[in-house]
Amino acid sequence: MIQGGKSSYQNLNEKQREAVMTTEGPLLILAGAGSGKTTVLVNRIGHILDTNGVFPSNILAITFTNKAAREMKERVERILGDESDGMWISTFHSCCVRILRKNIDRLGYTSSFVIYDRSDQLTLLKGAIKELDMNEKLYDPKMVIGHISDAKDKLISPAEFMKTYRDDFKMSKIAAIYERYQKNLKKNNALDFDDIIVKTVELFEKNEEVLEFYQRKFKYVMVDEYQDTNRAQYRLVSLISRLHKNLCVVGDDDQSIYGWRGADITNILNFEKEFNGAVVIKLEQNYRSTQNILDSANAVIKNNNERKSKNLWTDKSGGEKIKVFKAMDEREEGDFISRKIRELTEGDNGMGDFAVLYRTNAQSRAIEEALMRQNIPYKIYGGLKFYDRKEIKDIIAYLRLIQNPLDDISLKRIINVPKRGIGLKTIEKLESFAYSKEENIYSAMLDLEDGLISTRAKSKVEQFVSIISTLMAMNECMNISLLIEKVLEDTGYMEELKNENSVESQTRIENLKEFISSAVEFEQISEEKDLETFLASISLVSDLDSLEEGDDYVSIMTLHSAKGLEFPVVFMVGMEEGIFPSSRSVLDEDRLEEERRLCYVGITRAQQELYMTYANERTIYGRKNYGTNSRFLSELPQDCLQSYNAKIDKIKNHPSSNIDMREIKKNFTFGSSVKPEVKKDIDNSGIELGSRISHPKFGEGTIVSKTGNDVTIAFENKGVKMINLEYVKLEKI
DNA sequence: TCACTGGGGATTTTT
DNA sequence: TCCCCAGTGA
C-alpha cells in the first residue's frame, strides 16, 4: 500500500523507529533540536495508515506555524501520494476555524465571522473603555489586552475573571472591560486570535454531540511543538483525544520560548502525569550541527533547573570552534559580520547560508546598514508585516465588511477612506443611533431617521451604502481577485493613490497588486474559493511563511523567529548583559531561564559555524549604553571557543540580594527615561551590588544588578528601574 | 476635516 | 532615535 513503506524505516535510528512504531496510547516524544522529529512524524503517519481500518481522515496533525504544516503536508504527500487526501494537517488556528465555520451558530455567532488581529483588537478595546467611561490613561489598552489574552489562554471567562478579582479595584475594572470587549466582539460577529481556540473548546464542552463527532473522527492526534501549547490548547487536545487516547505530542522543553505568550511549559513537563500510561521517547541524536556547537548548546542549557534532562549528541565530531568577537560599538559589530560574510562567500558559501540573529528588532538597523555598506543582499523577517501595511489593512477592511456587515470596526476604518466627507462627528452620530437601536452601524445606515445628520452628510452616507451594497451583490457572483479590483475601483481607492503620485503611493499600489496576485494564487490552490475562506487564510498567515531557505540572500531576524530554521553559518549578535539576556529578565529566575532557552535555540540553529558578537558601547534609543558580555558567553565551554579579542567575564546576579521578587514584580516599571540631571558625579566604586542608595527622584533603593554604567535598582515604592550613572547622581546611604 | 506638533514610550509575537 | 497618538489651529 505504501510506496517504500516499511523498508524506509531502516533509515531511522532506533529511537526514531520506536517512536514510529508506538501508535497506540499516549506518547511523548522529547525531540531535541535537529533530531529529525518531522521525519518521525511523517513516517509515523505512514505507519498508522498501514493499520487495518484506519483512514487518512482519522488523522489530525497540529502544528503552530503554517510553514511547519505545509512542510509536513508536503512530506506526507511525497510518501503517500493521494492516500493523504482527507487528512487534517494544519495549525491550531486553522483547524479550529474549520470546526467553527461548521458549528459556531451554536454559540450565537454566524459562520461568516471575521478574525480580528491585534490592531483590530486594540481598536475594539479602546471603544469598550470609552463606552464604560473609563480613562485610557489609567487602563492602558495594551496592558488590558495583555490581561484579557492571558485570561483566555487559561480559559478564564469574563465572569470568572470578575469573581476572582472582586476585591481588587483595578482588576475588577479590567474584568468589566473584558466583559464589554467580549460582548462587542460578538456584536461584530468577530473572534480574536485567542477566541479561535477558546470558542472551539467552549463549543466542545457545551455540545457533546459535536465533540463526539470529532472524537470519533480523529482516532489519531499528533501535536508538534507541544512545549508551546497554552492551557486552552492543552484542553482542546485532551478533549479531542479523550475517546481513543491515541495522542502523540512532540516537543522540546528546552526550546520553550513563548512563556510570555501564555505557553505553559508544565504541559510538557507533566504529560506523563496527565495522561495515564504515557510512553516517553527521547530523541537525542542530532543530525544538524557539529559536536562543538552541540557541546556549547548543552553547556548553556545545563544552567537551567526546570527541565527534563537530555543530552544532544552527534557523530559529526569536532567542527569549527565558536568564534567570539568583541566590538567597540554596533557599527564595528556590523562591519565584522559583513566582512566575515564577504570572506566566507569567496569560498564555498552562498549568501543563503548565513543568518544574523538578534534579541530585539531594534538591533536590525545597525546590521542592515553594515550589510548595505558591503552590498550584501539580505532579507529581514519581522518588522512591518505585509498584512499590517495601511493599504492592505484598508482593502481587507472593505472585504470584511462585504462579507460580514456586522463588522463595525472595519466599517469605521474605511467609511472615510478615501475621503468622502464623512467625518468623525457623523460617524459618532451614526454609532450612537445604531447603539440606541441595538443594531450595527451598517444596518443603521440603511434606514436613517430624518434630522439625525445633515442632508449633506446623509447623501454621502447613502452613496457609501450604495457602493458597499453593490459590492456585496458582486461578491455573490464574482471571484475574489476580480472583486478586489472592483473594490479598489468603485471606492475610488486606487484613483486617490494614483493622483497622489509619490514614491510612497507607488509602493502602495505595488503592494495592492501583490495582494491581488495572492488572491489569484488562493483561487488556484484552495479547495474552497469563497471570500470567507480567503479572509480567514490571510488572517492566519505571517511573513515568516514566505521565508524560503537556500535563496541567495542573508536572512536577518529575531531569535524567536529563527526557531525551527537552520543555517550553515549563524551570527548571534548583541551578546551583552541587558540585551541578551534582556534587562527585564535578569531579576527573575524563570524569565532568565527562558532567555537561556532562547540562547539554546539560537546556538542550535547553526549547522557548521557559529559566531557570537558583543559590543562595548551601544546606542539604544538615542542614548549610549555601556555593556559587558552576556552571561551566556561565560557559560560556553572554554575548549569550544575561539576568541578574536574578547576576554569573557563571568556575570552573576548579586547572590545575597534578598529581595522578594514577587513584591517587585507587582509594580514592575522599567526603563523610565530618567532625564539628565546631574552629570557624572558619582564615584563608581560606591556602587556595589546590594548597597543602599538614594536617588534624587525615586528615593531609597537597593542595587540589584550592574552592567557598565547601567545599574538596576529596586526602589522602595517605585518598583525596579534601570538608571544610567552618567546622568544621575546617586547617594550612598 | 485635515495637517501639524510635541510628548511619551519603545522585548520577544508561531496565529 | 524614531514612531505613534492626542490635541490644536486653520
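In the text below, chain A, chain B and the rest are named by the order of the sequence lines, each starting its count at 1.
Contact between the side-chain N/O atoms of A:R584 and the OP1/OP2 oxygens of B:dT11 is found at a separation under 4.0 Å. For B:dT12, one of the phosphate oxygens OP1 or OP2 lies less than 4.0 angstrom from a side-chain nitrogen or oxygen of A:N361.
In this structure, A:Q233 atom CD and B:dT15 atom P are separated by 12 Å, rounded to whole Å. When rounded to the nearest whole Å, the span between NZ of A:K142 and P of B:dT11 equals 10 Å. One interatomic measurement links the two molecules: CG of A:N230 to P of B:dT15, which rounds to 15 Å at whole-angstrom precision. Protein atom NE2 of A:H560 is 14 Å distant from nucleotide atom P of B:dT15, rounded to whole Å. When the P atom of B:dT14 is taken as reference, atom CG of A:D224 falls 16 Å away, rounded to whole Å. Distance, A:D192 CG to B:dT15 P: 16 Å, rounded to whole Å.
Taking both residues in full, the closest heavy atoms of A:S149 and A:R261 are given as OG-NH1, 4.2 Å, listed atom of the first, atom of the second, then distance.
Within 90° of 0 lies the glycosidic angle of B:dT11, which makes this nucleotide syn.
Among the protein residues, A:E595 comes within range of the nucleic acid bases, having at least one heavy atom under 4.0 Å from a base atom. Residue A:I62 is classed as having no contact, given no heavy-atom separation below 4.0 Å to the nucleic acid. Base engagement by A:Y258 is indicated by at least one non-hydrogen atom pair under 4.0 Å involving a base atom. If you check every strand for non-hydrogen atoms under 4.0 Å, A:S582 touches a base. Backbone-only engagement by A:N416 is indicated by non-hydrogen atom pairs under 4.0 Å involving sugar-phosphate atoms exclusively. Residue contacts shown for A:L424 are limited to sugar-phosphate atoms, with no base heavy atom under 4.0 Å away.
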Protein and nucleotides 1-7 of chain C: nitrogen or oxygen contacts under 3.5 angstrom:
from  : atom 1 : to     : atom 2 : distance (Å)
C:dT1 : N3     : A:Y621 : O      : 3.4

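In summary, A:K563 and A:D228 engage in a salt bridge, as defined by a charged side-chain N under 4.0 Å from a carboxylate O. Comment: A:K67 engages A:E71 in a salt bridge, judged by a side-chain N to carboxylate O separation of less than 4.0 angstrom. Classification of A:K199 and A:E202 as a salt-bridged pair holds, one side-chain N sitting under 4.0 Å from a carboxylate O.
Here A:H93 and A:F64 keep their ring centres 6.0 angstrom or further from each other.
By the side chain to side chain donor-acceptor pair (under 3.5 Å) test, A:Q403 is found to be paired with no residue, residues two or more places apart in sequence or in another chain being considered. Judged as a salt bridge (charged side-chain N to carboxylate O under 4.0 Å, His left out), and not counting sequence neighbours, the contacts of A:R365 are A:E369.
Picking from B:dT15, B:dT11, B:dT13 the nucleotide with the shortest atom distance to the side chain of A:T360 gives B:dT11. For A:N66, the listed nucleotide lying nearest its side chain is B:dT15; candidates were B:dT12, B:dT14, B:dT15.
Toward the 5' end of DNA chain B, the nearer of the two residues A:S585 and A:T426, judged by each one's closest nucleotide, is A:T426.
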